[in-house]
Amino acid sequence: MMPSFPNISTSKNQQDGRKLANGNCKNQQVLARRQLILQHRKSLPIASVERRLVEEVRKNDTLIIVGETGSGKTTQLPQFLYNAGFCHDEKIIGVTQPRRVAAVTVAKRVAEECNVELGQKVGYSIRFEDATSSSTRIKYMTDGLLLREALLDPLLSRYSIIIVDEAHERTVHTDVLLGLLKKVQLARSHPTTNQHNFIKANAKGREDEPRSFSPLKASESAKSTSLKLIIMSASLDARCFSEYFGGAKAVHVHGRQYPVEVLYTYQPEPDYLDATLITIFQIHLEEASGDILAFLTGQEEIESVERLVHERIRQLPDGSQNLLTVPIYASLPSEQQMNAFRPAPSGFRKVILATNIAETSVTIPGIKYVIDPGLVKARSYNPVTGMESLIIIPTSKAQALQRSGRAGREGPGKCFRLYPESEFSKLTDSTVPEIKRCNLSNVVLQLKALGIDDIIGFDFMEKPSRMAIVKSLEQLFLLGALSDDYKLSSPVGQQMARLPLDPMYSKALILAAEFKCLEEMLIVVAMLSVESIFYFPREKMEEARAARKSFSSPEGDHITLVNVYRASAECLEKSKTTNCKEKTMEKKLNKWCRENFINYRSLRHARDIHSQIEGHIQQMGFSPSSCGDDMLQFRRCLTASFFLNAAMKQPDGSYRALSSSQIVQVHPSSVLFRTKADCIIFNELVRTNQNYVRNVTRVDPLWLPELAPQYYAADS
DNA sequence: GAGCACTGC
């Protein structure tokens with residue numbers, strides 16, 4: 001959860017600081033601020049149990065901490081442990097977070113509380129950004145990044161303590177990390193027995209590593225210290241974590257949350273959007289002042305409720321029209337997202353129409369009323385067909401609690417659940433962990449690279465279905481990442497595991513080095529790794545279409561993406577030659593994106609991925625190559641890489657996916673939507689109203705048996 | 001002629 005520090009607002013203090021020219025006053029300001037911070041720290045619920053917590057960590061190798069919202073566990077516990085001497089011998093306390101922003105903001109906050117420069121004693125590390133140094137002792141990071149670190153140092157020997165925060169969210173990364181940490185802890189506590197096998201397997205699998213470690217050295221250094229694990233969760237049920245860690249002790253830390261009155265409907269609501277609308281106005285007309293937060297499932301619902309609210313406001317008497325709507329969802333440009341955080345003009349009530357983003361990712365101040373229709377849009381994945389879809393399902397009890405909690409951050413609040421109380425008891429306790437509803441290829445590849453060969457026997461906290469694991473193993477085998485005995489292959493499997501990409505994309509890069517089109521493929525995998533690059537606002541559909549046409553390639557979407565990337569790079573090059581500062585260059589790129597209906601955030605992300613992967617493949621010794629204008633060569637490489645995603649045209653114009661025999665359509669957003677090529681490869685299979693394939697390129701069907709004989713030879 | 005909750009390396 002995104003922490004908020006209401007008592008002391010950084011920006012306000014900085015502003016005050018700027019106003020004061022006098023240095024003496026400035027010093028007083030600094031002193032006053034330090035005093036405030038100290039007071040704030042002392043007032044946190046966790047402060048009163050510092051000694052007890054430190055004692056429990058000393059006594060137990062694994063500790064579960066159930067900390068309610070506002071307990072201060074994330075910022076304070078690492079400081080307690082540091083002060084208690086857990087960083088001797090240059091050891092580090094690592095704290096993982098599921099989200100990047102949380103890692104950054106908490107690290108900044110703790111650095112300030114410790115009165116140190118960020119990146120020194122207190123730092124953070126997230127993808128594309130490392131604010132740590134050799135003196136860092138308290139390190140905040142994303143859980144995915146710690147998993148990557150484990151590939152280089154499987155015993156995580158630099159850490160004396162690892163704190164896994166927000167474990168109740170059960171992201172894939174958290175779940176894999178918990179399984180790994182359990183193994184690492186065992187290996188570090190019994191260096192002579194368990195550790196040996198574990199290390200050996202790892203060392204063997206990573207012979208090509210330039211930074212390869214010596215197994216002996218690792219075991220020697222690990223012998224001296226065991227690894228302390230602290231699992232922090234906000235869910236009231238610590239049992240599952242405790243059981244998983246062999247009956248680990250769980251302690252409870254109180255939070256600071258105001259009471260929230262929960263109200264239910266008498267009857268189930270047949271139309272939850274209408275019910276939401278009615279509830280908004282019921283609150284607006286009958287309840288005391290305070291902003292409203294309504295949870296909806298997606299952009300479309302938010303836009304439609306927003307329209308309906310506006311219509312109804314106009315029908316109200318003049319004195320009651322003081323209601324303002326603010327939408328917030330992830331794909332909304334950040335400038336517009338900021339509107340949700342601005343206070344409503346005086347005399348107005350604000351109603352925020354939000355997706356799940358407001359459940360954990362952002363904390364909006366001033367919320368007194370929450371409307372919860374009890375539904376959420378969730379990703380589901382079918383391992384047999386490889387089909388992804390988004391479905392609307394009921395929330396879990398934990399999610400409902402999380403949502404209602406949003407009304408009690410600053411004072412007592414009310415939550416209106418738009419279903420009867422009897423329905424609440426029927427909800428599942430917690431959300432199905434992500435690991436049970438996603439493609440596991442990446443997880444399996446990483447575990448293999450960590451020397452864990454028996455994936456089906458791996459001690460997951462909650463085991464994914466056997467089918468899902470088998471399908472991933474099969475896919476990795478077909479990509480050449482696994483050898484005949486299902487061990488990580490050398491060098492292909494090892495190289496693939498090093499790249500932070502979907503395994504199919506990693507393989508594409510390795511092949512592109514052979515096909516001499518590495519430059520083009522690097523652009524394509526970076527662009528395919530981000531959310532959609534093109535932006536189609538409803539009101540400017542024609543202009544957007546024209547803009548995209550200027551990048552279009554008749555061969556398909558992959559080359560179109562290369563064209564977009566190169567055009568954007570050209571725009572940046574131009575501003576570079578005119579000696580622009582970095583900020584100005586970004587502004588120019590932003591402007592270019594708006595003119596060309598490109599999503600700036602996505603392109604920025606793609607550029608970051610591009611440069612990160614470029615670094616990796618240089619380190620791995622691949623020489624740069626470009627196919628120039630020879631796009632045939634590039635399409636052949638696409639075929640060799642994505643042969644598992646090939647489809648043939650049917651007489652009726654639909655397509656049949658060759659691996660699963662499903663009938664699919666080319667998505668209307670594809671440049672090949674009208675072309676109807678005989679044979680295509682694609683990168684995404686999504687079910688909405690129909691089965692759609694997206695990111696499509698036309699290929700020659702004869703290339704399939706030629707370039708992927710391991711899969712197609714028998715058919716041809 | 002469609003539509004995409006949210007994260008992450």
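Letters A, B, ... mirror the listed sequences (proteins, then strands); counts begin at 1.
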Point to revise | Between B:dA5 (C1') and A:R437 (CZ): distance, integer Å | key: 10 Å
Exercise for review: Give me the ring orientation class for A:F128 and A:H605: parallel if the planes are under 30° apart, tilted from 30 to 60°, perpendicular past 60°.
Suggested key: perpendicular
Study note, to complete from the structure: Winner on side-chain proximity to A:F673, out of B:dC9, B:dG1, B:dA5, is B:dG1
Exercise for review: Indicate, with a heavy-atom threshold strictly under 4.0 Å, whether A:D143 touches base, sugar-phosphate, or nothing.
Suggested key: nothing
Practice item. Name the nucleic acid region contacted by A:Q446, choosing base, sugar-phosphate or nothing; use a 4.0 angstrom heavy-atom cut-off, strictly under. Key: nothing
Review point. What integer distance in Å separates A:K377:NZ from B:dT7:P?
Key: 15 Å
Exercise for review: Assign A:A378 to base, sugar-phosphate, or nothing according to its heavy-atom contacts below 4.0 angstrom with the strands shown.
Suggested key: nothing
Point to revise | Among B:dA5, B:dT7, B:dC9, the one nearest A:I357 by side-chain distance | key: B:dT7
Exercise for review: Taking only the side-chain heavy atoms of A:I126 (C-beta and beyond), determine which of B:dC9, B:dA2, B:dC6 contains the nearest atom.
Suggested key: B:dC9
Check your understanding: Quick one: A:I609 CD1 to B:dG8 C1', roughly how many Å, whole number?
Key -> 10 Å
Review point. Hey, does the side chain of A:T355 come within less than 4.0 Å of B:dC6's phosphate (OP1/OP2), counting only N and O?
Key: yes
Check your understanding: If you check every side-chain atom of A:P668, which of B:dC9, B:dG1, B:dT7 has the closest atom?
Key -> B:dG1
Revision key, fill the gap. Comparing nearest nucleotides in DNA chain B, the 5'-proximal residue of the pair A:G298, A:H173 is A:G298
Exercise for review: Measure from the side-chain heavy atoms of A:Y692 and tell me the nearest of B:dC6, B:dC9, B:dA2.
Suggested key: B:dA2
Exercise for review: Starting at atom CE of A:M141, determine the distance to atom P of B:dC9, rounded to an integer number of angstrom.
Suggested key: 12 Å
**Study point:** Distance flag, aromatic centroids of A:Y565 and A:H610, threshold under 6.0 Å
**Key:** yes
Exercise for review: Kindly write out the residues that satisfy side-chain hydrogen bond (donor to acceptor under 3.5 Å, both in side chains) with A:D271, not counting sequence neighbours, or none if the list is empty.
Suggested key: none
Exercise for review: Using whole Å, report how far CD of A:E434 lies from P of B:dC6.
Suggested key: 14 Å
Exercise for review: Determine the contact category for A:T142: base if any of its heavy atoms lies under 4.0 Å from a base atom, sugar-phosphate if only primed atoms, P, OP1 or OP2 are that close, otherwise nothing.
Suggested key: sugar-phosphate
Study note, to complete from the structure: Among the nucleotides B:dC9, B:dA5, B:dC6, whichever has the atom closest to the side chain of A:L390 is B:dA5
**Study point:** A:D372: side-chain hydrogen bond (donor to acceptor under 3.5 Å, both in side chains) partners, not counting sequence neighbours
**Key:** A:R403
Point to revise | Whole-Å gap separating P (B:dT7) and OH (A:Y381) | key: 22 Å
Exercise for review: Would you kindly give the CG-to-C1' distance between A:L151 and B:dC9, to the nearest whole Å?
Suggested key: 10 Å
Exercise for review: Taking only the side-chain heavy atoms of A:R545 (C-beta and beyond), determine which of B:dT7, B:dG8, B:dA2 contains the nearest atom.
Suggested key: B:dA2
**Study point:** Under-4.0 Å salt bridge between A:R99 and A:E169
**Key:** yes
Exercise for review: Assign A:F128 to base, sugar-phosphate, or nothing according to its heavy-atom contacts below 4.0 angstrom with the strands shown.
Suggested key: nothing
Check your understanding: Parallel, tilted or perpendicular: which describes the rings of A:F642 and A:H558, with under 30° parallel and over 60° perpendicular?
Key -> parallel
Revision key, fill the gap. Side-chain atoms of A:R127 come closest, of B:dC9, B:dT7, B:dA2, to B:dC9
Study note, to complete from the structure: A:Y505 OH to B:dC9 C1', in whole Å, measures 15 Å
Exercise for review: From the options B:dT7, B:dA2, B:dC9, select the nucleotide whose nearest atom is closest to the side chain of A:R100.
Suggested key: B:dC9
